[in-house]
Asker: 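My questions all concern the structure below.
Excluded from the calculations below are hydrogen atoms, water molecules and symmetry mates; all remaining heavy atoms, backbone and side chain alike, are included. Computed from a prediction, not measured in an experiment: that's the story for all the values here. Counting starts at 1 for both ligands and their atoms, in listed order.
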Amino acid sequence: MFTPFESEAMKRTLTLCLLLSCLLVTATKSAMAAEPAAPAAAEQVEPMTTPEREQRMEWWRDARFGMFVHWGLYSGLAGTWEGKPVGERGGMEWIQYRVRADTDTYAERALPLSKPTENFAEQWAKLAKQAGCKYLVFTTKHHDGFALHDSAVSDFDAGSKLDRDLVKEIVDACRAEGLRVGFYHSVIDWHHDQYEYEKSNQLPHPLKGKPYPNGERDHAKYQEYLHAQVKELTTNYGPVDILWWDYSATDFQGEEAWRAFELMDLVRNKQPQVIMNNRLFRIPEAGWTSMQMTGVAAQLNPKYGDFVTPEQHVPDRGLPGVDWETCMTMNTTWGYSRHDQAWKPNDQLVHTLIDIASKGGNFLLNIGPTGDGTVPPESIEGMQAIGKWMETNSESIYGTTASPCDAPAWGRITTKGDTLYLHVFDWPESGELTVPVEATAEECTLLADAATKFAVSSSDAGLTVKLTGEAVDPYATVLKLKLTEPIESK
Ligand code: FHN
């Protein structure tokens, strides 16, 4: 039995509960009413292919193949922290994050191990050239915030710490080899003391969840710094062919995170011919469907960038209608790790290049040099194997467009006007291979030796090539099938 006080108290509590539940229902209704509509399906964006943009993209589309280079303070650490491997797989350029080190501790351990040799850049550029790459994209600053150029707005840079301008050394070496130059630039920054890492639940930061060490931060000041360094990079090093931004999240991107449009304008004003990727944004209109690696879409409004950037995979059917580039590691880490021996075999590297070209994309293949800039021997071997194949067959990659049909079982096809390049991965035991297109063949020869000709017949199934002899290349033998008229890519 309850005392009056208790009963009275209970009545009051009951009334209060009723009142609260009414308030809650009202609040919920209004919240739902205020709930923004579910994001509309990505606005179907027709790429605005203006003549200016077509002209700008021409060399890049023809190039098809570039070298990515991740070198920074993480390289000297080599996937190792306090004498132990941090892991055998995954990005060791994230080592500062993986060990949750603050920037001072990280720099103290890494700087003594980061001493590029005098000719490190020449080694990179020569290897890229040997491999058949037409451009080289390298990290001017990765997430750890260490700038490879001599920056007037930071002392966490090669100028202050190494008394060198590594960006200049790399750019000069690339130009000496006739390579186009790309600047990878991380908008994420684990060093800068105004970068407000709590603004995003999706972007990584070594101190995430901890209070800001130096008190409240003002992200606007970080944005000023970001813009200032990009201005230095696009002013002081001559023509910059590519700006490779990295990366945004669905919960923190674009204007809010980076003052993105202003940043892009800054770059375009300094470098009118520059080509930029889509990573200042993470929205459907910019070719993103999620935070997943595979979360890319065949749509891109050029105001968000010039090409879509699938990572570590090749979209099954390419990304028709947009410019796109797959970036990929040769093992599983972008930055060097002495513990990661999961190297992709040479045939897989060559097949990936061909597969991407057959779907109308570019291939940006990564090397992660060591602390002194030396390229790991496995990376040299892989790049040189591609280069050897390209020596004979680059005509079937450079300046081509996607296949006119789905990928056949025997390999891949690239297109160049009235010519199809048949990349035969598996030399058919049947002694023939069929190209499922409606077309008339003029001639079919071995790309490696035009004197070797093959008979071609046509049927409802398409064009059938009668093979003689054996495959002439261990990775992919290429036949040149000339048609009587140009054929459209798929
Ligand atoms: O976090 C980076 C990663 O370290 C690497 O630089 C890749 C290269 O595309 N981009 C980000 C992950 O998408």
Asker: Between Q384 and I380, is there a side-chain heavy-atom distance shorter than 4.5 Å?
Answerer: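 Yes, close enough: below the 4.5 Å cut-off.
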Asker: Can you tell me if T250 and Q202 form a side-chain donor-acceptor pair at under 3.5 Å?
Answerer: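 Result is yes, a qualifying pair exists.
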Asker: Nearest protein heavy atom to atom 9 (O) of ligand 1, by residue and atom, and its distance?
Answerer: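 Protein heavy atom at minimum distance: E311 OE1, 3.0 Å.
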Asker: Should the proximity of W244 to ligand 1, defined as any heavy atom under 4.0 Å, be assigned to the side chain, the backbone, both, or neither?
Answerer: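 For W244, only side-chain atoms sit under 4.0 Å from ligand 1.
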Asker: Do R89 and D340 have side chains that approach each other closer than 4.5 Å (heavy atoms only, starting at C-beta)?
Answerer: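 Of all side-chain heavy-atom pairs linking D340 with R89, at least one is under 4.5 Å.
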Asker: Taking only heavy atoms of H143, which atoms of ligand 1 are found under 4.0 Å from at least one of them?
Answerer: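 Listed by number with element, the hits are 1 (O), 2 (C).
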Asker: State if C327 counts as touching ligand 1 under the rule of any non-hydrogen atom under 4.0 Å.
Answerer: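 So C327 counts as touching ligand 1.
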Asker: Please indicate whether any nitrogen or oxygen in H70 is less than 3.5 Å from any nitrogen or oxygen in ligand 1.
Answerer: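 N/O-N/O distance below 3.5 Å exists for this pair.
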Asker: Could you tell me how the ring of W94 sits relative to the ring of Y97: parallel (under 30°), tilted (30 to 60°) or perpendicular (over 60°)?
Answerer: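 Geometry flag for Y97 against W94: perpendicular rings.
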Asker: Under the ring-ring contact (aromatic ring centres under 6.0 Å, His included) rule, what do Y475 and H423 come out as? Steps first, then yes or no, please.
Answerer: CA-CA 9 Å; Y475 302 139; H423 300 82; over 10 Å; no
Asker: Tell me which protein heavy atom sits closest to atom 11 (C) of ligand 1, plus the residue, atom name and distance to 0.1 Å.
Answerer: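 It is D246 OD2, 3.0 Å.
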Asker: Could you tell me whether some N/O pair between E93 and ligand 1 is separated by less than 3.5 angstrom?
Answerer: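 Yes, E93 has an N/O under 3.5 Å of an N/O on ligand 1.
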Asker: Going by the order shown, which atoms of ligand 1 are within less than 4.0 Å of some heavy atom of Y184?
Answerer: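 The atoms of ligand 1 under 4.0 Å from a heavy atom of Y184 are 6 (O).
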Asker: Think R282 forms a cation-pi with W288, using NZ or CZ under 6.0 Å from the six-ring centre and within 45 degrees of its axis?
Answerer: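 Yes.
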Asker: Atoms of ligand 1 less than 4.0 Å from R279 heavy atoms?
Answerer: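 This gives 9 (O), 10 (N), 13 (O) as the contact atoms.
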Asker: Sequence neighbours left out, what passes salt bridge (charged side-chain N to carboxylate O under 4.0 Å, His left out) with D157? Give chain and number order.
Answerer: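 D157 satisfies salt bridge (charged side-chain N to carboxylate O under 4.0 Å, His left out) with no other residue.
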Asker: Is there a heavy atom of H142 sitting under 4.0 angstrom from any atom of ligand 1?
Answerer: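 For ligand 1, residue contact (heavy atoms, under 4.0 Å) with H142 is present.
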